Amino acid sequence: YMTGCWPENEIDHRDTIPSNNSWDNLREATRGQNAQNIKLRSDNSSGFKGVSRDSTRGKWAARIKHQGKRTDLGYFDNPEDAYAAYCKAAAELHGEFARTE
């Protein structure tokens with residue numbers, strides 16, 4: 001209502017805090033963009049978004065999802081390197097909606 005028209009898509013909270021409805025924290029987003037701007041899931045065991053342990057390989061896997069398609073980014077000896085690969089891909093694919101914190 002503040003711009004005079006209803007958004008075509010969803011409203012995303014930049015800081016991921018739903019109760020923070022300050023104007024500079026809100027932006028229009030597609031469902032996919034909104035989904036990318038999420039915090040680390042509570043059931044994540046690696047401590048890094050997009051990183052999981054591949055027990056069959058004994059390595060850390062980096063994966064990212066974009067436009068409904070999952071992409072494997074590679075296998076790494078440590079979670080930090082896997083996360084670096086995820087962050088690079090997230091910046092390229094998700095732009096301002098990439099949440100890598």
Side-chain angles (χ1 to χ4, degrees):
Y1 76 92
M2 294 186 64
T3 63
C5 64
W6 199 255
E8 291 182 30
N9 295 297
E10 298 181 0
I11 298 298
D12 177 54
H13 292 79
R14 292 177 196 270
D15 65 3
T16 72
I17 301 171
S19 62
N20 181 2
N21 291 319
S22 63
W23 183 245
D24 62 342
N25 188 47
L26 304 175
R27 60 184 169 187
E28 187 171 357
T30 64
R31 163 114 15 225
Q33 289 169 325
N34 206 349
Q36 296 312 316
N37 186 33
I38 59 170
K39 293 182 178 181
L40 188 66
R41 290 174 43 131
S42 62
D43 63 349
N44 180 299
S45 60
S46 72
F48 299 100
K49 187 174 178 183
V51 176
S52 61
R53 180 80 172 154
D54 186 317
S55 58
T56 59
R57 287 187 167 92
K59 301 233 178 211
W60 294 92
R63 296 182 178 96
I64 195 164
K65 196 170 186 179
H66 180 65
Q67 296 180 342
K69 181 182 175 193
R70 188 182 88 171
T71 301
D72 292 320
L73 302 171
Y75 297 93
F76 303 85
D77 292 328
N78 60 65
E80 292 81 10
D81 289 344
Y83 186 59
Y86 172 83
C87 289
K88 181 179 180 203
E92 291 171 5
L93 296 172
H94 304 144
E96 70 174 296
F97 291 90
R99 173 147 308 265
T100 55
E101 312 158 355

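Computed from a predicted model, the values in this text were never measured in an experiment.
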Do you know the tightest heavy-atom contact between [X] and [Y]?
X: Gln33; Y: Thr30; result: OE1-N, 2.9 Å
X: Arg63; Y: Tyr86; result: O-CD1, 3.4 Å
X: Ala62; Y: Ala82; result: CB-O, 3.3 Å

State the [atom1]-[atom2] distance between [X] and [Y], to the nearest 0.5 angstrom.
X: Phe97; Y: Asn37; atom1: CZ; atom2: CG; answer: 7.5 Å
X: Asn20; Y: Leu26; atom1: CG; atom2: CG; answer: 7.5 Å
X: Arg99; Y: His94; atom1: CZ; atom2: NE2; answer: 13.5 Å
X: Gln36; Y: Asp12; atom1: CD; atom2: CG; answer: 10.5 Å
X: Arg27; Y: Asn9; atom1: CZ; atom2: CG; answer: 13.0 Å

Checking [X] side chain against [Y] main chain: does a donor-acceptor pair fall under 3.5 Å?
X: Arg31; Y: Glu10; answer: no
X: Asn25; Y: Asp15; answer: yes
X: Lys49; Y: Ile38; answer: yes
X: Arg53; Y: Gly58; answer: yes
X: Asp81; Y: Ala85; answer: no
X: Ser46; Y: Val51; answer: yes

ILVMFWY cluster, Phe76 and Phe48 together (side-chain gap under 4.5 Å):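 The answer is no; the residues belong to distinct hydrophobic clusters.
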Side chain to side chain, Lys59 and Asp77, heavy atoms closer than 4.5 Å: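 With C-beta onward as the side chain, the pair touches.
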Modelled atom types, side-chain donor and acceptor of His13 and Asn21, under 3.5 Å: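 Side-chain D/A pair, His13 to Asn21: present.
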